[in-house]
Protein chains: 2
Amino acid sequence: MTTGDAARTQLRRGVLEHCVLALLQSGERYGYDLVSELSGAGLLASEGTLYPLLSRLRRDELVESAWRESPSGPPRRYYALTDSGRAALDSFRHSWAQFAGSVDQLLQKGA
Amino acid sequence: MTTGDAARTQLRRGVLEHCVLALLQSGERYGYDLVSELSGAGLLASEGTLYPLLSRLRRDELVESAWRESPSGPPRRYYALTDSGRAALDSFRHSWAQFAGSVDQLLQKGA
DNA sequence: GCAAGGTACCTTGCGCGGCAAGGTACCTGG
DNA sequence: CCAGGTACCTTGCCGCGCAAGGTACCTTGC
């Protein structure tokens, strides 16, 4: 891995969940697909993280899922946002903006 | 509290530690003082979080501490950055910028 | 002179979420 | 036919923030 390993791991907490919701905004996606995108963005370190997360999102009814056959390979479970999911995402965007603002300010204060 | 309670709590993970380091940049501070500043900024919910954190920072030699008497009230433990602390802070600034950038981008993608 | 309340430190028990490792099954390509 | 990519999932662990609770100092007011 690049830099800031341990630090990154902590940063992802709580963010990853909402990043998944954000990715679902533009249409339904399946897990393995999300894994590669989030890993690429440096927001996910292990597959083993995402599937339990998706289960939680289903349990909390922020997403709903449907099995579809793949043109090649095993079947995929596709996820889509529910209304609650969209609401949660909007709410998080505010929290994030505010939070990130505070942190930026604090980190620069006398840099 | 305002909004996004639970979300906020998760967001603070790993950030708080480095915010403390950032606050020490401009000179030594004592715990109770940090508590009020960080609480004010919405980055800390409970006193009980900070003291163990400060112990960790001491253990990892990112800060050093010295007891000083207070003009009024019980003695205070003042904390100051070590060289390692300054380095950790610099390193975190990069991680944070990169991380926050990724998140911002992802959250806006099709907002 | 003593109780009340602010200052200042610390500890304990808990829960949650990300990580690593491991496991199953499907399907294609050599 | 089997090696390897696709795609799903589970289990055990660890670290950090939180809430609640605890000690002691010092001032203020009655």
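Letters A, B, ... mirror the listed sequences (proteins, then strands); counts begin at 1.
Note: CG (B:Leu57) to P (D:dG15) measures 15 Å, nearest angstrom. Between the CD atom of B:Glu69 and the P atom of D:dA24 there is a distance of 18 Å, rounded to whole Å. Note: CZ (A:Arg68) to P (D:dA7) measures 15 Å, nearest angstrom. Atoms CG (B:Leu43) and C1' (D:dC18) sit 15 Å apart, rounded to a whole Å. In this structure, CG of A:Leu50 is placed 13 Å from C1' of C:dG17, rounded to the nearest angstrom. When the C1' atom of C:dG18 is taken as reference, atom CG of A:Leu11 falls 12 Å away, rounded to whole Å. Separating the CG atom of B:Leu34 from the C1' atom of C:dT7 is a distance of 15 Å, rounded to the nearest angstrom. Between B:His18 atom NE2 and D:dG17 atom C1' the separation is 15 Å, expressed in whole Å.
A donor-acceptor contact shorter than 3.5 Å links the side chain of B:Ser102 to the backbone of B:Gln98. Here the side chain of A:Thr82 pairs a donor or acceptor atom with the backbone of A:Glu61 at under 3.5 angstrom.
Residues B:Val15 and A:Pro74 each lie close to DNA chain D; by heavy-atom proximity, the contact nearer the 5' end of the strand is made by A:Pro74.
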Taking only N/O atoms, report every protein-nucleotides 14-16 of chain C pair under 3.5 Å with atom names and distance.
{"residue": "C:dG15", "atom": "N2", "partner": "B:Arg13", "partner atom": "NH2", "Å": "2.7"}
{"residue": "C:dC16", "atom": "O2", "partner": "A:Arg13", "partner atom": "NH1", "Å": "3.3"}

Check: protein-nucleotides 8-12 of chain D nitrogen or oxygen pairs below 3.5 Å:
{"residue": "D:dC8", "atom": "OP1", "partner": "A:Gly31", "partner atom": "N", "Å": "3.4"}
{"residue": "D:dC8", "atom": "OP1", "partner": "A:Arg77", "partner atom": "N", "Å": "3.0"}
{"residue": "D:dC8", "atom": "OP2", "partner": "A:Gly31", "partner atom": "N", "Å": "3.4"}
{"residue": "D:dC8", "atom": "OP2", "partner": "A:Tyr32", "partner atom": "N", "Å": "2.3"}
{"residue": "D:dC8", "atom": "OP2", "partner": "A:Tyr51", "partner atom": "OH", "Å": "3.0"}
{"residue": "D:dC8", "atom": "N4", "partner": "A:Glu47", "partner atom": "OE2", "Å": "2.8"}
{"residue": "D:dC9", "atom": "OP1", "partner": "A:Arg77", "partner atom": "NE", "Å": "3.3"}
{"residue": "D:dC9", "atom": "OP1", "partner": "A:Arg77", "partner atom": "NH2", "Å": "2.6"}

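In this structure, A:Phe92 and A:His18 have parallel ring planes: the angle between them is below the 30° cut-off, well short of the 60° mark.
Annotation: side chain of A:Arg12 is not in contact with side chain of A:Leu44 (no heavy-atom distance under 4.5 Å). Using a 4.5 Å cut-off on side-chain heavy atoms (C-beta onward), B:Leu62 and B:Glu17 make contact. B:Arg68 places a side-chain heavy atom less than 4.5 Å from the side chain of B:Glu28.
For the pair A:Arg76 and A:Glu69, the salt-bridge criterion is not met [side-chain N within less than 4.0 Å of a carboxylate O]. Note on B:Asp5 versus B:Arg8: no salt bridge recorded, every NZ/NE/NH1/NH2 to OD/OE distance being 4.0 Å or above.
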Query raised in the report: When you look at A:Leu23 and A:Leu38, which way does the side-chain contact (heavy atoms from CB on, under 4.5 Å) test go after all the steps?
Result: CA-CA 9 Å; A:Leu23 284 174; A:Leu38 291 166; 3.8 Å; yes
Requested in this report: Starting from the C-alpha separation in whole Å, work towards a yes-or-no answer on side-chain contact (heavy atoms from CB on, under 4.5 Å) for A:Trp96 and B:Asp104.
Outcome: CA-CA 9 Å; A:Trp96 170 257; B:Asp104 282 340; 2.7 Å; yes
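The distance from the SG atom of B:Cys19 to the CG atom of B:Leu24 is 11.0 Å, given to the nearest 0.5 Å.
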**Report entry** Secondary-structure string, 5' to 3', Watson-Crick or G-U under 3.5 Å, | for another-strand partners, for DNA chain D
**Finding:** ||||||||||||||||||||||||||||||
